[in-house]
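Side-chain atoms are counted along with the backbone in the values below, which use heavy atoms only and exclude waters and symmetry mates.
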Amino acid sequence: MNKTSNFFKSHAAPGVPTARRQFLRTSLLTGISAAVLPVRAEARALPTSAAAGPKPFELDELTIGDLQTALESGELTSQSLARKYLARIEEIDRNGPALNSVIEINPEALAIADALDRERREKHVRGPLHGIPVLIKDNIDTADRMQTTAGSLALLGSTPVRDSVVARKLREAGAVILGKTNLSEWANIRSSHSTSGWSGRGGQTRNPYALDRNPCGSSSGSGAAVAASLCAVAVGTETDGSVVCPASANGIVGIKPTVGLISRSGIIPIAHSQDTAGPMARTVRDAAILLGALAGVDPSDSATAAVADRGQTDYTKFLDPEGLRGARIGVARKYFGSNDATDDLMNHLLEEMRRHGAVLVDPADLDSHGKFDGTEFTVLLYELKADLNRYLAGRPGAPQSLKEIIAFNERHKDKEMPFFGQDVFLRAEAKGALTSKEYLDALEANHRLSRKEGIDALMDRFRLDAIMAPTAGPTWVNDHATGDHSVGGSSNAAAVAGYPDISLPAGFVFGLPVGISFFGRAWSEPALLKIAYGFEQTFKARKPPQFLPSIAL
């Protein structure tokens, strides 16, 4: 479902290809001298040209609450709202800065909005998402006139037989699915040399803060579109890093929930032990609203069974502007150290968090830090083959196996592999069944080291409410010749454990947004949201993008 391609590059574990290691260990971008921007300060970096940005947009930065107020008053209708977002997509995604974050527009969006307007006139409002335009990632099935391709030309023209549960729940909540977002093709699991945000179908998504910079992956289009106010909120997916890294790189909020809180049925998979969809939004409140709409039991996804006892339909009730006060937060120092500027910013934030009542345990590192890097990749290879084959077998008109996808890519290598190949696909195809001892041993090690001997042990030892780390450092310049240049991040422990992780804006480094992550034990979304909301309301670190051509350091 999504691994960021920067993911395995640094601190190599034996046998793990370099570009898929990058998000497994410490933070981002070595070798840059520090120039940290204060949390409330304006970015000091300058554009490399005087090119004018897009004209002001009346919906910029508006929240779900703002939009609902306008809908309730009659100032806006769902249809007029959808039209405004569609016009903005045409202006700055297709043209202007050309973000290239939206891979396809829903041809039924305006008709759906009109029907929801009729419901509103009849005094039937389904909830906080009624009439709200949402974008979803192009690996989330919709049985409508849109495609679901994971960015691959191999799936063009084959229609899923039914909506994914995510799409169905959005429709039931009254959301207008405006279109689908571009992504790192196959959620960045095809190659060890990929460029995040690139797909054969969609091309390269650009970062709205600096157009030559990477939006991170694989939910790159969702992250860039939300940052640029091309929708109210969006849905991404994550296997390891692909919600939280684009959230960090695009200056937004991303929630990677506990695996099983949101159904995976109808989402093109990587690995069932780690895959999940997750909300992406400009505010913690909006992300919490979307999380509540998506959460729920799905009989076709056994991992969701626990939601009946542990899930919520309204996560906004946990939001507390004083959420930092009294919170016991462990500082995972082993995720620091790769970028001086990011570390300086985080250390400043920690001082301020303590001043606002947080109780910090510093350091608070996992004893198992770095011990499951290789076993994670082993599990992903096995589960990719098994899970993708199962998904494709139920997709009429599509290649029916990973082997057939590999053959398609070879036949169309001029379009599918102009920059990088499919070495990870080939390694996955060579794996055996999920009954293999190698797989079972790796899966057991993953869960033991990341859960019992990892997050759970650390939180029990220090009686923590959350663990904190920089999500990632400042994003890198796009480079199709050599691929991604990131060297780390803090997503892997929560990802391997299947535990929740929230990234939100922390400030700016070299004029580029960076995020702070709070993660914890299974089903701890309420506690993490309380802390994240308290942080957001204290620091107010998000600033909208300026669509600069580049950043002059």
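Not one N or O on the side chain of E238 forms a donor-acceptor pair closer than 3.5 Å with the backbone of A277. Side chain of S219 to backbone of G236: no donor-acceptor contact under 3.5 angstrom is found. Using a distance-only test at 3.5 Å, with no hydrogens or angles considered, a donor-acceptor pair links the side chain of S450 to the main chain of N446. Under a 3.5 Å cut-off, the side chain of T378 and the backbone N or O of G374 do form a donor-acceptor pair. In this structure, S158 contributes its side chain and G397 its backbone to no donor-acceptor pair below 3.5 Å. Listed for the D343 side chain is a donor-acceptor partner under 3.5 Å among the backbone atoms of G337. Within the 3.5 Å criterion, the main-chain N or O of I252 finds no donor-acceptor partner in the side chain of R282.
Annotation: side chain of W198 is not in contact with side chain of S184 (no heavy-atom distance under 4.5 Å). Residues Y85 and L59 have side chains in contact (heavy-atom distance under 4.5 Å, counting atoms from C-beta outward). The closest side-chain heavy-atom distance from V166 to V235 is below 4.5 Å. In this structure, the side chains of E383 and L388 stay at 4.5 Å or more apart for every pair of heavy atoms. Using a 4.5 Å heavy-atom cutoff, the side chains of L402 and F425 are in contact. For the pair Q274 and E376, the minimum side-chain heavy-atom distance is below 4.5 Å. The shortest distance between side-chain heavy atoms of V379 and Y382 does not fall below 4.5 Å. The side-chain heavy atoms of S503 and S517, taken from C-beta on, include a pair separated by under 4.5 Å.
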Query - side-chain hydrogen bond (donor to acceptor under 3.5 Å, both in side chains) assessment of K180 paired with T149 - result: CA-CA 10 Å; K180 294 196 175 179; T149 69; over 6 Å; no
Query raised in the report: What's the verdict on side-chain hydrogen bond (donor to acceptor under 3.5 Å, both in side chains) for T142 and D163, showing C-alpha distance, side-chain angles and the deciding distance?
Result: CA-CA 4 Å; T142 55; D163 273 350; 5.2 Å; no
Query raised in the report: Which is it for R94 and V102 under the side chain to side chain contact (heavy atoms under 4.5 Å, CB included) test, yes or no, and what are the steps along the way?
Result: CA-CA 8 Å; R94 302 285 192 264; V102 180; 3.8 Å; yes
**Report entry** Check against side chain to side chain contact (heavy atoms under 4.5 Å, CB included), N214 and H485
**Finding:** CA-CA 10 Å; N214 196 270; H485 297 288; over 6 Å; no
Query raised in the report: V233 and L135: side chain to side chain contact (heavy atoms under 4.5 Å, CB included), yes or no, with the steps?
Result: CA-CA 7 Å; V233 290; L135 288 167; over 6 Å; no
Requested in this report: Before giving the answer on side-chain hydrogen bond (donor to acceptor under 3.5 Å, both in side chains), spell out for R213 and Y209 the whole-Å C-alpha distance, their side-chain angles and the decisive distance to 0.1 Å.
Outcome: CA-CA 8 Å; R213 297 271 170 166; Y209 286 87; over 6 Å; no
**Report entry** Stepwise side-chain hydrogen bond (donor to acceptor under 3.5 Å, both in side chains) check, K137 with S222
**Finding:** CA-CA 6 Å; K137 190 175 176 179; S222 296; over 6 Å; no
Query raised in the report: Where do V134 and L178 land on the side chain to side chain contact (heavy atoms under 4.5 Å, CB included) test, with the steps shown first?
Result: CA-CA 6 Å; V134 176; L178 203 60; over 6 Å; no
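Taken to the nearest 0.5 Å, the OG atom of S164 stands 13.0 Å off from the CZ atom of R264. Interatomic distance, K334 NZ to F336 CZ, rounded to the nearest 0.5 Å: 14.0 Å. Rounding to the nearest 0.5 angstrom, the gap separating the OG1 atom in T283 from the CG atom in L504 is 10.5 Å. Between the CD1 atom in I267 and the CG atom in N139 there is a gap of 6.5 Å [rounded to 0.5 Å]. With rounding to the nearest 0.5 Å, the separation of CE in M417 from NE2 in H193 is 13.0 Å. We find the CD1-SG distance between I89 and C231 to be 7.5 Å, quoted to the nearest 0.5 Å.
Of the candidates L211, N182, T205, L211 is the only one forming a side chain to side chain contact (heavy atoms under 4.5 Å, CB included) with L99.
Nearest approach of I270 to I189, heavy atoms of both residues: CD1-CB, 3.6 Å. Looking at every heavy atom in both residues, A247 comes nearest to V253 through CB-C, 4.0 Å. L443 and S273 make their closest contact through CD1-CB, 4.0 Å (heavy atoms, listed as atom of the first residue, atom of the second, distance). Between P215 and A249, the closest heavy-atom pair is O-CB, 3.8 Å. Here the closest heavy-atom approach between residue S490 and residue D501 is recorded as O-OD2, 4.4 Å.
A search for side chain to side chain donor-acceptor pair (under 3.5 Å) contacts involving R390 returns D387, not counting sequence neighbours. The side-chain contact (heavy atoms from CB on, under 4.5 Å) search around N95 returns E90, not counting sequence neighbours. Taking the side-chain contact (heavy atoms from CB on, under 4.5 Å) definition, one finds that S152 meets it with A154, E185, W186, E416, sequence neighbours left out. By the side chain to side chain donor-acceptor pair (under 3.5 Å) test, D441 is found to be paired with K437, residues two or more places apart in sequence or in another chain being considered. Every side-chain contact (heavy atoms from CB on, under 4.5 Å) that K415 has, sequence neighbours left out, goes to L153. Under the ring-ring contact (aromatic ring centres under 6.0 Å, His included) criterion, F408 pairs with H412, not counting sequence neighbours. With sequence neighbours excluded, the residues that form a side-chain contact (heavy atoms from CB on, under 4.5 Å) with E404 are P399, Q400, S401. E429 pairs by the side chain to side chain donor-acceptor pair (under 3.5 Å) definition with nothing, not counting sequence neighbours. Applying the salt bridge (charged side-chain N to carboxylate O under 4.0 Å, His left out) criterion to K431, with sequence neighbours excluded, gives E438.
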Please output the side-chain donor-acceptor pairs of residues 254-262 that fall under 3.5 Å, not counting sequence neighbours, one pair per line with the distance.
| from | atom 1 | to | atom 2 | distance (Å) |
| --- | --- | --- | --- | --- |
| K256 | NZ | A494 | O | 3.2 |
| K256 | NZ | Y499 | O | 2.4 |
| T258 | OG1 | W523 | N | 2.9 |
| T258 | OG1 | E525 | OE1 | 3.4 |
| T258 | OG1 | E525 | OE2 | 2.8 |

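Residue pairs that meet the salt bridge (charged side-chain N to carboxylate O under 4.0 Å, His left out) test with at least one member in residues 140-150, sequence neighbours left out, are D144-R171. Residue pairs meeting the side chain to side chain donor-acceptor pair (under 3.5 Å) criterion with at least one partner in residues 96-110, sequence neighbours excluded, are D93-S101, E104-R201.
Aromatic ring centres of H480 and F419 lie closer together than 6.0 Å.
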